[in-house]
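See structure below.
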Amino acid sequence: MATTCLELDLPQPFDFKNLLQAHSWVDLLPNCYHAEEISFSRIEELSSAKVVELVIAAPDERVRVTIRHASRLSAGDLREVENRTRHMLRLDEDFTEFYRLCRRMGKPWSAMAPGKGRLLRSPGLFEDIVKVICTTNIQWGGTRRMVAEMVHAFGSPHPLDPELKAFPKPETIASLSLEDFQNQTRLGYRAPFIHQLAVDFYAGGDTFENLRDGGRTTSEIRKELLAIKGIGSYAAASVLMLLGRYDEIPVDSVFQQLMRAKYFKDNDFDLKKALAIYEEWGQWKYLAYWFDLLDYYQ
DNA sequence: TTCCAGGGGTAGA
DNA sequence: TCTACCCATGGA
């Protein structure tokens, strides 16, 4: 076994612990949260087909990525690990304007300004879209189970610890018949959506990479997301957040519960009035809602 | 047993 | 654009 370390500068301010704890992506395989060390690990399959383990921590003002690997890593492999880490931690997103708005809005949002607001995401868009589909119409325990079943059934194993596996590649799922895919996982009616997504990603991944195009409007990208089977308004808002666009609020049972508990009495919940609560946050609505939620239930 | 969960697709109005 | 109905699965 060999171990290689990478260190990356963190933009300041940056709250790494909050990035891990603020939403539950760190609880979904292949991510593994290490609460005591304030770190997480995950198995990654690189473009070179090497399967490595990344352990990511931020003990000071830098990110430390410890890579456990079986064979020698090339400069290209290391560059890929760096790029994937930067994407997961959103190191290149600018939250300056959001923090300014938080300070102006007062409590509870003023507590955001010292570096909170970054929500962990996956290195690849396929993984994030599949996981969002797995959050629909099911409790969180079911989401974890479905994601774990896909990773165990179709993920590439780490050569030094075959029980640890990467998130499945689109081509692995696309190479299976829908029937075989369904028989090896319990995804319910979501199975055809995820299988088709894998087929489409494998056939034209570049089309999906266009969703990351910063030059396009959120409504353009939202329209394309809604064209994906299995993605409705809630899931589109969630994927937009994972793309770094916070304009849309994911209206689901969690949102409605918070609204009924905090802002509406008895049965006078009104969706338009509820959405209007966050209107003044403009392009930061998702984060304003999300941290309002965390503050209320903490 | 029944309800429903970090909803979405479809048909029909 | 809105509504009704159906959709697998499993926890409560």
Side-chain angles (χ1 to χ4, degrees), chain A residues 19-29 31 33 119-122 127-154 173 176-200 211 219 221-243 245-264 267 269-275 277-278 285-298:
Chain A
L19 178 144
L20 296 180
Q21 294 181 339
H23 86 149
S24 357
W25 242 222
V26 79
D27 290 329
L28 297 177
L29 287 179
N31 293 332
Y33 183 37
L119 303 176
L120 181 69
R121 57 184 174 183
S122 306
E127 180 179 336
D128 269 342
I129 297 179
V130 169
K131 285 179 171 175
V132 166
I133 290 175
C134 287
T135 66
T136 61
N137 198 23
I138 197 159
Q139 293 172 328
W140 184 249
T143 301
R144 293 186 63 176
R145 174 187 59 78
M146 291 191 290
V147 171
E149 285 182 2
M150 280 188 281
V151 169
H152 286 135
F154 309 118
I173 295 174
L176 299 164
S177 68
L178 173 58
E179 187 180 10
D180 286 343
F181 179 60
Q182 280 175 311
N183 288 340
Q184 295 184 64
T185 48
R186 293 170 294 168
L187 303 175
Y189 62 85
R190 304 166 194 83
F193 299 150
I194 292 172
H195 186 265
Q196 186 61 49
L197 185 72
V199 169
D200 292 343
L211 295 170
S219 86
I221 293 176
R222 180 175 184 272
K223 194 174 172 185
E224 289 185 21
L225 289 172
L226 290 174
I228 299 172
K229 299 295 184 193
I231 300 286
S233 56
Y234 151 81
S238 299
V239 176
L240 284 169
M241 176 277 283
L242 292 161
L243 288 165
R245 294 171 182 266
Y246 308 100
D247 317 48
E248 303 272 338
I249 287 177
V251 176
D252 56 6
S253 58
V254 172
F255 174 75
Q256 295 190 37
Q257 281 165 19
L258 175 69
M259 293 301 104
R260 290 179 201 280
K262 182 169 180 179
Y263 295 108
F264 294 87
N267 292 317
F269 172 76
D270 181 290
L271 180 58
K272 286 185 179 174
K273 289 179 184 172
L275 292 173
I277 291 169
Y278 302 100
K285 291 186 201 70
Y286 188 113
L287 290 179
Y289 152 61
W290 193 253
F291 284 88
D292 196 16
L293 174 77
L294 295 182
D295 177 72
Y296 186 80
Y297 290 113
Q298 86 178 170

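The figures that follow rest on heavy atoms only: side chains count, while hydrogens, waters and symmetry mates do not. None of these values were measured; they are calculated from a predicted model. So you know, we letter chains A, B, ... as the sequences are listed, proteins then strands, and number each from 1.
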Original post:
Do any N or O atoms from the side chain of A:K229 and from the backbone of A:L197 form a donor-acceptor pair under 3.5 angstrom?
Top reply: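 No; zero donor-acceptor contacts below 3.5 Å.
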Subject >> Sugar-phosphate, base or nothing in reach of A:L258, heavy atoms under 4.0 Å >> reply: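 It contacts nothing in the nucleic acid.
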**OP:** Mind checking A:A191 for me? I need base, sugar-phosphate or nothing, with any heavy atom below 4.0 Å counting as a touch.
**Re:**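 Counting heavy atoms under 4.0 Å across all strands, no contact is made by A:A191.
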Subject >> Phosphate-side-chain proximity, A:S253 and B:dG7, N/O vs OP1/OP2 below 4.0 Å >> reply: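 Result: yes.
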Original post:
Does a side-chain N or O from A:R190 land closer than 4.0 Å to OP1 or OP2 of B:dG8, or not?
Top reply: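 No.
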Could you measure between the two [atom1] atoms, the one in [N] and the one in [M], and give it in whole Å?
N      : M      : atom1 : result
B:dA11 : C:dA8  : P     : 16 Å
C:dC7  : B:dC3  : C1'   : 16 Å
B:dC4  : C:dC5  : C1'   : 16 Å
B:dT1  : C:dG11 : C1'   : 14 Å

Please set out all donor-acceptor pairs under 3.5 angstrom arising from side-chain atoms of residues 132-141 of chain A, sequence neighbours excluded.
| from | atom 1 | to | atom 2 | distance (Å) |
| --- | --- | --- | --- | --- |
| A:T135 | OG1 | A:V132 | O | 2.6 |
| A:T135 | OG1 | A:Y234 | OH | 2.7 |
| A:T136 | OG1 | A:I133 | O | 2.7 |
| A:N137 | ND2 | A:Y189 | OH | 3.2 |

Round to the nearest Å and state the distance from [X] atom [atom1] to [N] atom [atom2].
X      : N      : atom1 : atom2 : result
A:L293 : B:dG6  : CG    : P     : 11 Å
A:I129 : B:dG7  : CD1   : C1'   : 16 Å
A:Q256 : B:dG6  : CD    : C1'   : 11 Å
A:Y234 : B:dG9  : OH    : C1'   : 17 Å
A:L294 : B:dG6  : CG    : C1'   : 13 Å
A:L187 : C:dG10 : CG    : C1'   : 13 Å
A:Q182 : C:dT9  : CD    : P     : 8 Å
A:F193 : C:dC7  : CZ    : P     : 13 Å

Subject >> Least distance between heavy atoms, A:F291 atom then A:A22 atom >> reply: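 That closest heavy-atom pairing would be CZ-CB, 3.8 Å.
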**OP:** Can you figure out which of C:dG10, B:dG9, B:dG6 approaches the side chain of A:R186 most closely?
**Re:**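 The nucleotide sitting nearest to the side chain is C:dG10.
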Original post:
When you measure from the side chain of A:K229, which nucleotide among B:dG9, C:dA8, C:dT9 comes out closest?
Top reply: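 Shortest atom-to-atom distance from the side chain points to B:dG9.
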Subject >> Donor-acceptor pair present, A:S24 side chain and B:dG6 base, under 3.5 Å >> reply: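 Between B:dG6 and A:S24, which were checked side chain against base, a qualifying N/O pair under 3.5 Å is present.
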**OP:** Take the angle between the ring planes of A:H23 and A:W290 and call it parallel below 30°, perpendicular above 60°, tilted in between.
**Re:**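 A:H23 vs A:W290 ring planes: perpendicular.
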**OP:** Please work out whether the ring planes of A:F269 and A:F264 are parallel, tilted or perpendicular, with thresholds of 30° and 60°.
**Re:**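 Because their plane-to-plane angle is over 60°, the rings of A:F269 and A:F264 count as perpendicular.
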Subject >> Residue mapping more 5' on DNA chain B - nearest nucleotide basis, A:I231 or A:H23 >> reply: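 Closest to the 5' end, via its nearest nucleotide, is A:H23.
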**OP:** May I ask you to decide whether A:R222 forms a salt bridge with A:D247, counting only side-chain N to carboxylate O separations under 4.0 Å?
**Re:**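 No.
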**OP:** Indicate yes or no: at least one non-hydrogen side-chain atom of A:L187 is less than 4.5 angstrom from one of A:Q182.
**Re:**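 Counting from C-beta outward, A:L187 and A:Q182 never come under 4.5 Å.
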Subject >> pair A:Y289-A:E248: side-chain heavy atoms closer than 4.5 Å >> reply: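 Counting from C-beta outward, A:Y289 and A:E248 never come under 4.5 Å.
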Original post:
Where along residues 136-149 of chain A does a heavy atom fall under 4.0 Å from DNA chain B?
Top reply: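 Residues of residues 136-149 of chain A that come under 4.0 Å of DNA chain B are, in numerical order, A:T136, A:N137, A:I138, A:Q139, A:W140.
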